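What follows is a set of notes on a single structure, which appears directly below.
Proteins get letters first, then strands, A, B, ... in listed order; numbering begins at 1 in each. Keep in mind it's a predicted model, so treat the numbers as computed, not measured.
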Amino acid sequence: MTTATKPKQKSDVFHQYLRPKKKFPNVWCPGCGIGIVMGAFIRAIDKLGLSKDEVVLVSGIGCSSRFPVYLDFNSLHTTHGRALPFATGVKFSRPDLKVIVITGDGDALAIGGNHFIHACRRNIDITAILINNHIYGMTGGQGSPTTPSEAFSTTTPYGNVEKHFEPCDLAAAAGASYVARGTVYHAVQLEKAITQAIENRGFSLVEAISNCHTYFGRLNRKGDGLAMIQSFKDRAVPVARAGKMSEEELEDKLVIGKLHTTGATEFCDEYQKVIDAHKEK
Amino acid sequence: MSETAQSENTGSKPKAQSKYDYSKGPLPLNINMSWCKACNICIALCPQQVFEPDRDGKPIQARAENCTQCTICWVHCPDLAITSNYK
Amino acid sequence: MSNGTRKLLQGNASCVHGALYAGMRFFAGYPITPSTEIAEVSSRELPRVGGKFIQMEDEIGSIAAIIGASIAGSKVMTGTSGPGYSLMVENIGYAYMSETPVVVVNVQRGGPSTGLPTKVSQSDTQQARWGPHGDYTAIAIAPSTVEDTLTETIRAFNLAERFRTPVTVLLDEVIGHSRAMVKIPEEGEYEIINRVKATSSPEEFEAFEMTPNLISPMPAYGEGYRYNVSGLTHDTHGFPTNRADEIPIKLNKLRDKIMNYVDEITKLRVEFMDDADIAIISYGSVSRTALQAASIARQAGFKVGCIQLCTIWPFPEKEIKALCENCSKIIVGELNMGQIVEEVRKVISDDKEIHTLQRYDSEILTPMQMLEKLEEVL
């Protein structure tokens, strides 16, 4: 089993952050990208040198939301779509803590959409890692707000008639001060994006494109986990190059990298000014 | 798991020369076979074809000498089952 | 608000001052008549004591935020009304499962649905018991005046912190919007209970340890106890479980940690019951009506007594049965279509007459109506 000792090798860094007494391997399907995001996350935390006590991992409901229980941080597995308001309560009451939300496309953008928009608007110092596998995995393959048009799912058996939206565009429009997209193929860039997101003082979104071969892949003939992950490599375009590409060229492409940043003030900082000005001695 | 991965990899990709001499020390990597779910990602992504799938599809370091410690395998393992003995 | 002073306060404001006295330093809420003043007063008072107020995007966000803040280590409250409470119930259920102390104030208004936003009602009484889905044991208390709204809110916090549970404070539009002179308690005048701190080493610490009184120590974040909290049914470590032998342990704990001390949670105000033949059972603002009607009836020589339920849930079965032992008739007065009367029927033997006095036309029950009911029943 894992022992929380100082890692001998860089690759051993994981074991120091895995939760003692928790049964491994993890619950996700063989080849699921969520585990890759978890690895990238652990390396980011290690690189930032954060103490385990100051990190709070908040998640909602869904495959990605089973992530926090595996790690030796303060972990809060909340209700579907509500990770962000729970996290807002943790962060706003305890700005000294590093609060990271682990969520999925259904959790954050469907039932949690309202909270997602307002967390961005407030620009509260929370990092949201949105693992986007374009489907509801936990409940068995239903269509989600990011399921592409015409794609099949267990609730769009004749092809999805709805359009999807891009969480990164939504976050940027709503006021997030750091927005980046990565894929589970680009695990090292993902780690870097997560590191930058946590360092950003404000609401940071990292969208991690991930594979759900068990449902999205199978229902849309995208092959197994490996095949889907390799497709992310083929479809990915760094944001710098994407700027010089036309709409048509960007069709079905995944623009990855740091997409949007602002210098907006942070919610807890601004409120602290109110306290400092009005607190009775 | 899919059988396409292995055939895809035995292409004519030139092998980089590994700086590590594993004959004296431990194998390049340490694979936790109870955590590994035979998802085949490491086997397929390894640029040096270090791995061969065993009977269950789990990676065996068949060509350990090729390993250049490039970290692609353990960075992409969804089950954190791979650690390096060198890096 | 220097302590010990007397202030002319609205009921909703009185509630906030009780919360502040109890140590509430985090409030998240959303505007909804007739509770909005609770949010407004909180937004003004909290920064003065170094506390924090946030208006969330909806009531779901509000209850989520206060649960997060409570788990992180703060004493927390939210205020709402029927429609908002309905939106909150899933997360209130999460607070039951995660055993998180939170105080939720429901300033009741006419229902269902949008109903009568500015009118009085007590029709959310059963919702305070069975709002969330599943099996759990609820605590709900009902102040009846602007003054006791302050002290009862302190009691709500003490119950929440002691039993690591949500506590619903049932106000109504009349109490919330009435004004009265209220004494802000002195420092130390009322006992303040805080959640049990963890003392074991982080390695031995069990997030939901089965202690003798079934109340697990609850450290704040950052104190070295990194534990898992989940809405999934979980074992004593807080890890999700599907094991048939572990599930009842958690559910029994949620019940027994409260029911083992129900006597210390129950609170009644009893008047004129020693030789009473007729008992008027009431709660909230109707209790003032009942008291006046009973005293008038007493002057007219009728043996009428009053039982006011200050704690509604858990329902005080033992006390109601004992108090009504020698009564032949019971009247339950409420501003709904008969919700607590059904609870009374469950505990009172059939040989006694149980009458229900209901008013649900947006006005409060008056002493005259109570007296007419008494004449009818005699």
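Side chains of Lys37(B) and Asn26(A): a donor on one and an acceptor on the other come within 3.5 Å.
Interatomic distance, CD of Glu207(A) versus CG of Leu254(A), reported as 8.5 Å (0.5 Å rounding).
Taking each heavy atom of Cys63(A) and Gly137(A) in turn, the nearest pair found is SG-C, 3.6 Å. Here the shortest heavy-atom pairing between Asp53(A) and Leu97(A) reads O-CD2, 4.0 Å.
Across Val75(B), Thr71(B), Ile41(B), the residue that shares the most heavy-atom pairs under 4.5 angstrom with chain A is Val75(B).
Residues of residues 80-87 of chain B placed with any heavy atom under 4.5 Å of a heavy atom in chain A are listed by number as Leu80(B), Ile82(B), Thr83(B), Ser84(B), Asn85(B), Tyr86(B), Lys87(B).
For a residue to count as touching a neighbouring chain, one of its non-hydrogen atoms must lie under 4.5 Å from one of that chain's; by this rule Ile34(A) does not touch chain B. Only the backbone of Val184(A) comes within contact range of chain B, with at least one heavy atom under 4.5 Å from a heavy atom of that chain.
Using bins of under 30°, 30° to 60° and over 60° for the plane-to-plane angle, the ring pair Tyr70(A)/Phe24(A) lands in the tilted bin. Using a 30° and 60° split on the angle between ring planes, Phe73(A) and Phe41(A) fall in the perpendicular class, above 60°.
A side chain to side chain donor-acceptor pair (under 3.5 Å) with Arg63(B) is found for one member of Gln48(B), Glu52(B), Gln49(B) and no other, namely Glu52(B).
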